[in-house]
Amino acid sequence: YRVTDLKIVDPTDVSVLASTGALGGSFNSGKATWMIAGRRTYADKFVDLISTNELPYHFRDEQTHFTYAFTPATKLSITAYDGRDALDANIAAFGDSTDSSPSGGTFVFNWGNRVLGATLSSTLASPDRRGFKRWLLGDSTTLEQRASISTFSTTLDLGAGSLTLFNRVTDRRLAGSIAAHSATHERSLGYDVTSYNVR
């Protein structure tokens, strides 16, 4: 890979309640591109600075995307995402409490998603196809293979481990398709296999 082709962009956004940052670039003469991004709300930290009250909630997420063109017609794309909402506080901070133990009034509740997916696609162009072959495959044909796994989970922790509840839903998916393109029609055929797991 030619390091001299490396290009990086850095858009950022900062406000009173949240910050967002992203990095991206390309290398190997533009065949490969990449991007990473993240954000976090910090209204909880802002309230701590200006008030004796609490706002025990924040949200954060991160994502990344990578593509590589093996040839002008064949490309691999990979995407990952992780996001989480969180409530983290002590009930005693919201008013009078008869619980004198340091951890007796604590609770942590969070929920969020994670996704990882990949797609491999290739387009075969043959504008000189004739007859049945052109009817079946068109002027160009795109083959695509996709695989992904995504989860949604929640966790509730009361009293620093006195009671913990955990839930997770997982979706695993494998899919593929072949599509024929022409000036007059588009025909596609594919499959999709999915499994679900609830814990």
Side-chain angles (χ1 to χ4, degrees), residues 6-27 30 32-68 75-119 146-173 175 194-199:
L6 181 66
K7 297 178 181 179
I8 297 176
V9 294
D10 180 18
T12 59
D13 182 23
V14 179
S15 69
V16 174
L17 300 180
S19 291
T20 302
L23 290 173
S26 63
F27 58 92
T33 62
W34 60 274
M35 180 275 295
I36 57 174
R39 60 179 170 169
R40 189 197 193 276
T41 63
Y42 42 80
D44 52 340
K45 305 299 182 183
F46 182 71
V47 170
D48 288 345
L49 290 175
I50 65 173
S51 172
T52 57
N53 295 323
E54 288 192 9
L55 180 62
Y57 168 80
H58 72 270
F59 165 81
R60 58 99 185 139
D61 68 354
E62 307 84 32
Q63 60 179 303
T64 183
H65 187 66
F66 173 80
T67 64
Y68 188 82
K75 181 174 71 173
L76 173 67
S77 301
I78 300 174
T79 299
Y81 172 86
D82 180 40
R84 210 77 189 161
D85 293 71
L87 283 169
D88 185 355
N90 193 315
I91 297 174
F94 295 96
D96 295 333
S97 175
T98 57
D99 191 342
S100 60
S101 64
S103 63
T106 62
F107 71 91
V108 177
F109 180 45
N110 62 69
W111 63 96
N113 297 281
R114 288 181 177 175
V115 179
L116 176 63
T119 300
R146 301 178 298 277
S148 66
I149 179 170
S150 60
T151 62
F152 173 79
S153 63
T154 65
T155 303
L156 174 63
D157 185 337
L158 298 175
S162 299
L163 174 64
T164 302
L165 303 175
F166 175 79
N167 301 276
R168 182 190 299 272
V169 179
T170 303
D171 177 311
R172 298 177 178 86
R173 190 176 299 260
T194 305
S195 73
Y196 301 100
N197 179 265
V198 180
R199 178 183 174 194

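All values below were derived from every heavy atom in this structure, side-chain atoms included, with hydrogens, water molecules and symmetry-related copies excluded.
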Original post:
Is atom CZ of R84 surrounded by more than 12 heavy atoms (other residues, nucleotides or ligands) closer than 6.0 Å?
Top reply: yes
Under 3.5 Å donor-acceptor pairs involving side-chain atoms of residues 163-171, not counting sequence neighbours:
| residue | atom | partner | partner atom | Å |
| --- | --- | --- | --- | --- |
| N167 | ND2 | T154 | OG1 | 3.2 |
| D171 | OD2 | R173 | NH2 | 3.2 |

**OP:** Could you pull out all residues at least two apart from D157 that satisfy salt bridge (charged side-chain N to carboxylate O under 4.0 Å, His left out)?
**Re:** none
Original post:
Excluding sequence neighbours, so at least two apart, what forms salt bridge (charged side-chain N to carboxylate O under 4.0 Å, His left out) with R146?
Top reply: E144
Original post:
Would you find more than 12 non-hydrogen atoms of other residues, nucleotides or ligands less than 6.0 Å from R114 atom CZ?
Top reply: no
**OP:** Measure up the F109 and W111 rings against each other and bin them: parallel (under 30°), tilted (30 to 60°), perpendicular (over 60°).
**Re:** tilted
**OP:** Work out which heavy atom in T33 is nearest to a heavy atom in S26; give both atom names and the distance.
**Re:** CG2-CB, 4.0 Å
Original post:
So T79 and Y81, side-chain contact (heavy atoms from CB on, under 4.5 Å) or not? Walk me through it.
Top reply: CA-CA 7 Å; T79 299; Y81 172 86; 5.6 Å; no
Original post:
F59: what forms a ring-ring contact (aromatic ring centres under 6.0 Å, His included) with it, not counting sequence neighbours?
Top reply: none
Original post:
Does a donor on one side chain sit under 3.5 Å from an acceptor on the other, for S77 and T119?
Top reply: no
**OP:** Taking side-chain contact (heavy atoms from CB on, under 4.5 Å) as the test, write out the residues that go with A80, two or more places apart.
**Re:** T64, L116
Original post:
Heavy atoms, side chains only, cut-off 4.5 Å: are Y68 and I78 in contact?
Top reply: no
Original post:
Under the side-chain contact (heavy atoms from CB on, under 4.5 Å) test, which residues partner A86, sequence neighbours left out?
Top reply: H58, N110
Subject >> Closest non-hydrogen atom pair, F66 against A32 >> reply: CE1-CB, 4.2 Å
